[in-house]
Amino acid sequence: MEISTRYTPADHEASVYRSWEGSGGFQPRPPQHGERTFTVMIPPPNVTGVLHMGHALNNTIQDIVIRHRRMSGWCALWVPGTDHAGIATQAVVERKLFEEEKKTRNDLGREAFLERVWSWKEKHGNYILEQFRRMGFSCDWSRTRFTMEPGMSRAVREAFVRLWEKGLVYRGPRLVNWDCVLETAVGDDEIEYVQRKDKLYHIRYPIQGRAGEYVSVATTRPETMLGDTGVAVNPGDERYQGLIGRTLVLPILGREIPLIADETVDSEFGTGAVKVTPGHDPEDYERGARHRLPIVNLYEKDGRLNSNGGPYAGMTREKARAEIVKKLDELGLLAKVEPYEHSVAVSDRSKSVIEPLVSEQWFVKMKPLAEPAIRAVKSGALRFRPERWTKVYLDWLENVRDWCISRQLWWGHQIPVWYDEDGVPVAAREDLALGSPHPNTGKPIVRQDEDVLDTWASSWLWPFATLGWPDLTDDLQRFYPTQFLSTAREIIYLWVARMVMAGYEFLDHLPEESRCPFEVCYVNATVLDSQGKRMSKQAGNGIDPIEMIDKYGADAVRFSLILLTREGQDVKLSPDRFEQGWRFGNKVWNAARFVLLSLEGPRSDGTSASAARLEDRWILSRLAAAREDVSAALEEHRYNDAATSLYRFVWNDLCDWYLEIVKPRMLSQTDPTATAARGTLARVLSDALSMLHPFTPYMTEVLWKALNERISRAAPMLMNSRWPDGAGLVRNAAAEVEMQTIQDLVRAVRSVRLLTGIGERKPLTVQVAAPRAAERAVLEAHAQTVKSLAFLESWELRESVQRPPNSAVAVAGSLEAFVSLTEDIDLDKLRQSLAKRAEKVKAGIATCDARLGNPAFVERADPDIVEEERSRRAEMALELALLEKNVAGLSEGASSR
RNA sequence: GGGCGAUUAGCUCAGUUGGUUAGAGCGCUACGUUGACAUCGUAGAGGUCGUAGGUUCGAGUCCUAUAUCGCCCACCA
């Protein structure tokens, strides 16, 4: 296969993905005795979803984990799927229905409307999964699940009925967040708060039996006074001491309501008296319950006032407010109106102002479910990364409130509860036919509950329902529990905690220690824009991953994201930040290109033992180090560290040094060490591609194929190949030290060239002073390497050298390199550079001296540290001497000219 | 009000259990197309680590306070 000088992702990605899928490579291997399984369940995106950077990051991490495990010999399974997302999906279809046909869901009726939703889902529902494919994610698509499919429905019913049977499900009145446009209750998480400039109205409530005396209350929603059943003050508030327990007269309606004392009232705010509207305010609901105040419900489902609104019945909230304010004013009961800024709850979906109101809802008692979930982290069965999220999780569980699981929607799992003619409910696993006898009362069933379940009531079963639960399928036995969950912090409560509860509650065929649905919950970074604002659809500041893929390729998007994202640290992104990954890909591609072009001829096996020269031992040592670093980093969820290690190894070690050093060996027809060089190149490339594969799967797969062809190696696709085991690789400290000497000298000579303007490739004659025998031996042995890297025509290597007249000089550690000059060259910059370096070294020595001169340091510090300090000081002293000598020498030279 | 995170080079960020002369990428400056790569190479300039205290022989690293930015929870009559 021909390798062009640039990698063009668009030419490869689709076909590589097809070959992965075609080979069945995403599916776990057939079961075998003693296998180790590694399972990840994707956090199912909404069917209405469109790929954003948060998905891209979160799922890239999962793909890295899965690919790494797959290559490391685990039987790896990554289950994909989507969430039916009740409100979001219903809203999309409703909007479309209205735009295209000017119809509402009520015009169609439940059944016909649901058909529309399903057909929308069939048509558009897989869009985001297609986008996941473009990212290169290796999910087992044959196991794709959807939270509304029949299997999930069975699981949802089973779970509901079990809770019902244990008495954990109950129905009761509840103040819910009512969306008057969508006409449904919405969860607390489906609300946003908007700062609004509004008015605060002070209203006088006459005190019964004390003509002309009032208690004033302040409110932003005067129309809710119609539902007031009390007024509360703080029991410690002296202003009201004599009044507590008296009766007030509600203006307009004339209802008599008590003045009560309640600890939660803030005396500092307003008049210190607060109207209590248990039907339409969460806090008041609590207060009302404590004091047994009646609840008055004021609204119809669409937000208009009902008959409790008296003269205002039938009006909208806004109209009623205006009328009531006017009336109060006329009655002289409006004490004052002041401007007031506060936050108002608005529905995410409809943007209408949320009206808290009381309605009958189904609840799940959460306390008993929370207990095992708390034990899960305390026992270590579940670990959070970063660890600090454990506290967040526990705080929520320890203060958990009952879960309102009913939603007044059509799109969702209809609650499996039926009522007989007396309204006695019963939950059932199988549909109860109308007219059939109620299992408990024997009376005919007349209807099913119309509400559906909260979306999370299906997704909390995701880790096992996807594997076939409630049936004890082979998959469930084999792949549950999973090992890793990667998700976003905002759903730790909504989803993560509930999955843990569900695991302990429902998988009662397993011992408790095997029920936790995942071992590690990795909480992802939040993706921010370059201003540090959270990327969101509403803000319109998102970067489209697909656009980035089109521009840079999926590998570049993945690698950039991982490189930039430190564990637990939010990441700021701008489109140009994807260039780094793209550049790196180009580097890898071209390094591979060079290697492939150099492999003609016999090859060694590429082990450290077969290394012929220092640079071979060195690069294999670096490879061994990189392998250890990367493996450890992946193990510890430090994905960016793993990517950084690979980046450095490939770019700084392999490309900058090894490939450059080895070039002459490859070009020479006679160099007997070329065999070892080729073997080393092949080994290094092979291992590097393998380790890069989880990060940049497409490109590495392409290059893997090319490498195998080139070296006639029969190997499976890289995706199914083995993670490098390090066989035959040896860490070689001596080789690294020796190589360092060469690098230092070469860099020093290059620096001289640039500082003096000699020119980068002008052949030079150099005399090198190497007072240390070991370094001299190394340089002697690698004279060719030094000469070619530093572009030396000739050099002399001696123990010491008298500085030749008219020469420039480089200092590197204990080494000096004197460059004979053939023409007049300004050495000023060179001298300044040496002098500056001398200053720095001098400062370093001063630091050392301060430490070593301190008896406490020498006494108390670790002896190794002291020893290290001494030898460092000696090294610096030696270098400083050389620097100062040559600064002086150069000054003389300059003045003598 | 409670909790959490961040603050290190112009920008974006690393900096492991306190111990080298505090690093990287981008940007910037200078030079350079040698057969992997100009989507490149080489060299260089540039921070004393938000502020104030403290612990310690020694603090970017630990403690306290404080400032600024951001997030989460609760509350908002």
Side-chain angles (χ1 to χ4, degrees), chain A residues 3 5-7 193 200-201 217-221 224 232 264-266 269-277 281-284 342-343 386 388-389 391-392 395-396 399 489-490 492-493 526 528 530 532-534 552 563-564 566 568-574 576-577 579-580 582-598 638 640-641 644 647-648 652 655-656 659-660 663 667 747 750-755 757 759-761 788 791 829 833 837 839-848 850-851 854-862 864-866 868-869 872 875-876:
Chain A
I3 299 285
T5 60
R6 43 169 71 187
Y7 171 63
Y193 288 87
L200 190 62
Y201 303 85
V217 299
T219 179
T220 54
R221 297 186 301 157
T224 62
T264 60
V265 178
D266 178 3
F269 190 94
T271 59
V274 55
K275 61 199 269 309
V276 182
T277 322
D281 183 278
E283 185 86 355
D284 290 357
H342 66 145
S343 58
R388 63 173 185 273
W389 296 108
K391 188 176 174 320
V392 175
D395 283 350
W396 186 77
N399 301 298
R489 71 184 60 148
E490 58 267 24
I492 290 177
Y493 315 130
T526 300
L528 310 173
S530 55
K533 294 259 155 48
R534 188 192 178 84
Y552 299 115
L563 205 53
L564 291 169
R566 191 181 135 235
Q569 194 56 55
D570 291 348
V571 56
K572 286 190 209 172
L573 289 179
S574 56
D576 58 318
R577 306 218 62 191
E579 271 184 40
Q580 193 176 2
W582 170 59
R583 284 185 172 147
F584 178 64
N586 183 63
K587 196 72 179 172
V588 171
W589 182 262
N590 277 288
R593 180 166 184 269
F594 171 80
V595 172
L596 293 171
L597 292 172
S598 307
R638 294 181 286 111
N640 69 319
D641 283 348
T644 302
Y647 185 99
R648 296 214 167 118
N652 302 129
C655 294
D656 289 350
L659 295 187
E660 294 304 325
K663 269 176 191 172
L667 294 175
R747 285 200 183 104
R750 286 172 178 167
S751 178
V752 168
R753 288 176 176 276
L754 285 160
L755 286 167
E760 251 179 278
R761 250 165 289 107
S788 92
F791 269 89
K829 270 163 85 178
S833 169
R837 171 136 191 89
E839 286 310 310
K840 272 190 107 171
V841 174
K842 208 184 276 177
I845 291 172
T847 307
C848 281
R851 278 189 200 129
N854 183 342
F857 171 70
V858 181
E859 271 169 43
R860 294 191 216 167
D862 187 325
D864 288 349
I865 298 284
V866 178
E868 203 180 290
E869 196 76 18
R872 188 163 57 239
E875 289 297 311
M876 284 192 285

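In the text below, chain A, chain B and the rest are named by the order of the sequence lines, each starting its count at 1.
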Between B:rG1 and B:rG54, how far apart are the C1' atoms? Round to whole Å, please.
29 Å
Tell me what A:Val265 touches on the nucleic acid: a base, only sugar-phosphate, or nothing, going by heavy atoms under 4.0 Å.
base
Have a look at A:Thr277 and say if it touches a base, only the backbone sugar-phosphate, or nothing, with a 4.0 Å heavy-atom cut-off.
nothing
A:Ile865 CD1 to B:rA59 P: how many Å, rounded?
15 Å
Could you tell me the separation between the CG atom of A:Leu597 and the P atom of B:rU34, rounded to a whole number of Å?
17 Å
Sugar-phosphate only, base, or nothing, as touched by A:Arg872 at under 4.0 Å among non-hydrogen atoms:
base
Under 4.0 angstrom between A:Ser751 side-chain N/O and B:rU42 OP1 or OP2
no
Just to confirm, is there a sub-4.0 Å distance from OP1 or OP2 of B:rG41 to any side-chain nitrogen or oxygen of A:Lys587?
yes
Between A:Glu839 and A:Lys842, does at least one N-O distance fall below 4.0 Å, as a salt bridge requires?
yes
Under 4.0 Å between a side-chain N/O of A:Arg851 and OP1 or OP2 of B:rU21, yes or no?
yes
Using the P atom on both, measure B:rC49 against B:rU61 and round to a whole Å.
9 Å
Distance from A:Gln569 atom CD to A:Leu564 atom CG, nearest 0.5 Å?
12.5 Å
Selection from B:rC72, B:rA36, B:rA43 that lies nearest to any side-chain heavy atom of A:Arg593:
B:rA36
Using a cut-off of 4.0 Å on non-hydrogen atoms, how would the nucleic acid contact of A:Ala861 be classed: base, sugar-phosphate, or nothing?
base
In whole Å, I'd like the distance from the CZ atom of A:Arg534 to the C1' atom of B:rA6.
16 Å
Could you check whether A:Arg648 gets within reach of a base, just the sugar-phosphate, or nothing at all, counting any heavy atom under 4.0 Å?
sugar-phosphate
So A:Tyr493, base contact, sugar-phosphate only, or nothing? Heavy-atom distance under 4.0 Å.
sugar-phosphate
Parallel, tilted or perpendicular: which fits the ring planes of A:Trp582 and A:Tyr552, with parallel below 30° and perpendicular above 60°?
tilted
Please give the distance between the P atoms of B:rC4 and B:rU64 as a whole number of Å.
11 Å
Can you find a side-chain donor-acceptor pair between A:Asn399 and A:Asp395 that sits under 3.5 Å?
no
Measure across A:Cys848 and A:Glu869 and return the closest heavy-atom pair with its distance rounded to 0.1 Å.
SG-OE2, 3.3 Å
Separation between the C1' atoms of B:rG50 and B:rC31, rounded to whole Å
39 Å
When you compare B:rC28 with B:rC71, how far apart are their C1' atoms, in angstrom units rounded to a whole number?
34 Å
Without decimals, in angstroms, what is the distance between A:Leu659 CG and B:rG41 P?
12 Å
If I take atom CG in residue A:Asp570 and atom P in nucleotide B:rC69, what distance separates them, rounded to the nearest angstrom?
17 Å
Strictly distance-based, threshold 3.5 Å: is any side-chain N or O of A:Arg753 a donor or acceptor partner for the main-chain N or O of A:Phe791?
yes
Nearest to the A:Glu283 side chain among B:rG19, B:rC76, B:rA6, which nucleotide is it?
B:rC76
Under 4.0 Å protein heavy-atom contact, by nucleotide of nucleotides 26-32 of chain B - B base, S sugar-phosphate only
SS---BS
Quantified in whole Å, what is the P atom distance between nucleotide B:rA9 and nucleotide B:rU51?
11 Å
Closest contact, heavy atoms only, A:Glu283 versus A:Asp281:
N-OD1, 2.9 Å
Would you mind classifying the nucleic acid contact of A:Asn586 as base, sugar-phosphate or nothing, using non-hydrogen atoms under 4.0 angstrom?
base
Considering only side-chain heavy atoms of A:Asp656, which listed nucleotide, B:rG41, B:rU21, B:rC73, is closest?
B:rG41
Heavy-atom nearest pair, A:Val841 first then A:Met876, reads CG1-O, 3.4 Å
Whole angstroms only, please: what is the CG-C1' distance between A:Leu755 and B:rG44?
8 Å
Begin from the C-alpha positions of A:Thr644 and A:Leu563 and carry the test side-chain contact (heavy atoms from CB on, under 4.5 Å) through to its verdict.
CA-CA 6 Å; A:Thr644 302; A:Leu563 205 53; 3.7 Å; yes
Return the value, rounded to whole Å, for the distance between atom CG of A:Asn640 and atom P of B:rG25.
16 Å
Please report the shortest heavy-atom distance between A:Lys275 and A:Val217, naming the atom on each side.
N-CG1, 3.8 Å
Heavy-atom closest pair, residues A:Lys572 and A:Ser530
CD-O, 3.9 Å
Contact class for A:Arg747 (heavy atom, under 4.0 Å): base, sugar-phosphate, or nothing?
sugar-phosphate
Using the C1' atom in both, what is the distance from B:rU48 to B:rU7, to the nearest Å?
15 Å
Considering every strand and a 4.0 Å limit on heavy-atom distances, what is the contact class for A:Leu200: base, sugar-phosphate, or nothing?
sugar-phosphate
Rounding to the closest angstrom, what is the interatomic distance between B:rG18 and B:rC62 at atom P?
8 Å
Aromatic ring pairing A:Trp589/A:Tyr7, orientation class (parallel under 30°, perpendicular over 60°, tilted between)
tilted
What does the 5'-to-3' dot-bracket notation of RNA chain B look like when only Watson-Crick and G-U wobble pairs under 3.5 Å count, and pairs to other strands show as |?
(((((((..((((.....[...)))).(((((.......))))).....(((((..]....))))))))))))....
To the nearest angstrom, the CZ-P distance between A:Arg566 and B:rA24 comes to 19 Å
Counting only side-chain N and O atoms of A:Lys663, is one of them less than 4.0 Å from OP1 or OP2 of B:rA36?
yes
